[in-house]
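In what follows, a single structure is set out as structure tokens and then discussed.
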Amino acid sequence: TRRVGTSLAALKRVEEGALDARIPITSDDELGQLQAGINSMTEKVGGLLNQHRLYTEELRKQKDLLASIIQHAPIRVFWKDRDYRYVGCNSRVASDAGMSAPDQLIGKTDFDMVWQEQAELYRSDDRSVMESGRSKLDFEEPQTTPDGRTIWLSTSKVPLRDNEDRIIGLLGIYTDITARKEAEEQIRSLAYFDPLTALPNRRLLDDRMRQAVYLAQRKDTRVAALLIDLDDFKQVNDTLGHEAGNELLRHLAMCIQGELRYTDLSARYGGDEFIVLLPETPLKGALDVGDRIRRKIADTSLNMPGAA
């Protein structure tokens, strides 16, 4: 009876979680063999539970590591369900949305965000990815910021699948490429526009000239070009300085531009030379435009730096 009571007490401790508890074995009889079997089974169960604890702890560490990577990655990360609602994101996305924490986005759609102006565009991309099961990578799209500016993003979206390969949502990442777009635009502007007057330069003029001649030939119409040259411009630079000369060129550019149609083009061709391109314009019309520009320049006064 005492040995049975000792066995029951040990089993009670095991039941309460003391997996290291063992039944003292004092005899090799049938009861002793039963006690040894219980001890062996308890040891195996304890080993399995310890392995499970270690596995669970490892999973928790991996989950925490993944969450930390997503949170601190130098990109924006978000994921949505099949109803196009945000299920999660990192802090960078929350900040872009004007929110203080990622969980504030959960359950919302793009139509609830500050970028609702682009919501239909985003929804179309999301639908395409989830319905086709194909990723859409490295495409550019605009986004409205909390302060009302428009920035540019480079975005990638991939479908999210469950263990049975069913699509349950999508994962998206994006980066802000506004600075790059602005630099590209600046480079383009420097390539095709005169930095002093902001008029098209010779390169862009040559391209538009070829287009105008081609269209004139197709439509059997006329195209005219006016050459405007400043007399004694070097004297202005020599006597009043280059800043005065630059101001004169800018003023002339505005006078020319103000007398043209939206289909016409004026360009700075050289130092003090300008060319005006007039599509579908006969000789008389070109002469009239030239006369208006001449009178506009003559009727305006200009306070030039360095002038007395």
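Owing to the predicted nature of the structure, the values given are computational and were not obtained by experimental measurement.
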| query | What residues, two or more places apart in sequence or in another chain, satisfy side chain to side chain contact (heavy atoms under 4.5 Å, CB included) together with Glu117? | reply | Thr144
| Does Glu164 have any salt bridge (Lys or Arg N to Asp or Glu O under 4.0 Å) partners at least two apart in sequence or in another chain, and if so, which? | Arg166
| task | Quick one: list whatever passes side chain to side chain contact (heavy atoms under 4.5 Å, CB included) with Pro142, sequence neighbours left out. | result | Gln118, Leu121, Thr150, Trp152
| message | If you count every heavy atom of other residues, nucleotides or ligands that lies below 6.0 Å from Phe233 atom CZ, does the total exceed 12? | response | yes
| Quick one: side-chain hydrogen bond (donor to acceptor under 3.5 Å, both in side chains) partners of Asp206, sequence neighbours excluded? | none
| task | Identify whether the distance between the nearest side-chain nitrogen and carboxylate oxygen of Lys181 and Glu185 falls below 4.0 Å. | result | no
| remark: Contacts satisfying salt bridge (Lys or Arg N to Asp or Glu O under 4.0 Å) that involve residues 128-137 (not counting sequence neighbours) are Asp125-Lys136
| task | Mind checking salt bridge (Lys or Arg N to Asp or Glu O under 4.0 Å) for Arg161 and listing every partner two or more places apart, or none if nothing turns up? | result | Asp165
| note | Residues passing the side-chain hydrogen bond (donor to acceptor under 3.5 Å, both in side chains) test with Thr178, sequence neighbours excluded, are Asp176
| Heavy-atom closest contact (Pro146 atom, Val114 atom, distance) | N-CG2, 4.1 Å
| said: Rounded at 0.5 Å granularity, tell me how far CG in Leu190 sits from CZ in Arg203. | reply: 11.5 Å
| message | Suppose the criterion is side chain to side chain donor-acceptor pair (under 3.5 Å): which pairs have a residue in residues 212-231, not counting sequence neighbours? | response | Lys219-Glu280
| Can you list every salt bridge (Lys or Arg N to Asp or Glu O under 4.0 Å) pair that touches residues 91-115, not counting sequence neighbours? | Arg76-Asp96, Lys80-Asp110
| remark: Residues at least two apart in sequence or cross-chain that pass side-chain hydrogen bond (donor to acceptor under 3.5 Å, both in side chains) with Asp291, listed by chain then number, are Arg294, Arg295
| message | Quick test of your reading of the model: are Arg123 and Glu120 salt-bridged, counting only N-O distances below 4.0 Å? | response | no
Donor-acceptor contacts under 3.5 Å from residues 252-276 side chains, at least two apart:
residue	atom	partner	partner atom	Å
Gln257	OE1	Ser266	OG	2.4
Glu259	OE1	Arg292	NE	3.4
Arg261	NE	Asp264	OD1	3.1
Arg261	NE	Asp264	OD2	3.1
Arg261	NH2	Asp264	OD1	2.7
Arg261	NH2	Pro279	O	2.9
Arg261	NH2	Thr281	OG1	2.9
Asp264	OD2	Arg261	N	2.9
Arg268	NE	Gly270	O	3.1
Arg268	NE	Gly271	O	3.3
Arg268	NH1	Asp194	OD1	3.2
Arg268	NH1	Asp194	OD2	3.3
Arg268	NH2	Gly271	O	2.9

| Where the side chain of Asn90 meets the backbone of Ile75, is there a donor-acceptor pair that is under 3.5 Å apart? | yes
| said: I'd like to know if Asp147 pairs up with Arg149 as an ion pair, taking the criterion as any Lys NZ or Arg NE/NH1/NH2 lying under 4.0 Å from an Asp or Glu carboxylate oxygen. | reply: yes
| request: Determine the minimum heavy-atom distance between Ser135 and Val158, stating which atoms define it. | output: OG-CG1, 3.1 Å
| said: Going by the rule side-chain hydrogen bond (donor to acceptor under 3.5 Å, both in side chains), which residues pair with Glu141 if we only count those two or more places apart in sequence or in a different chain? | reply: Thr155
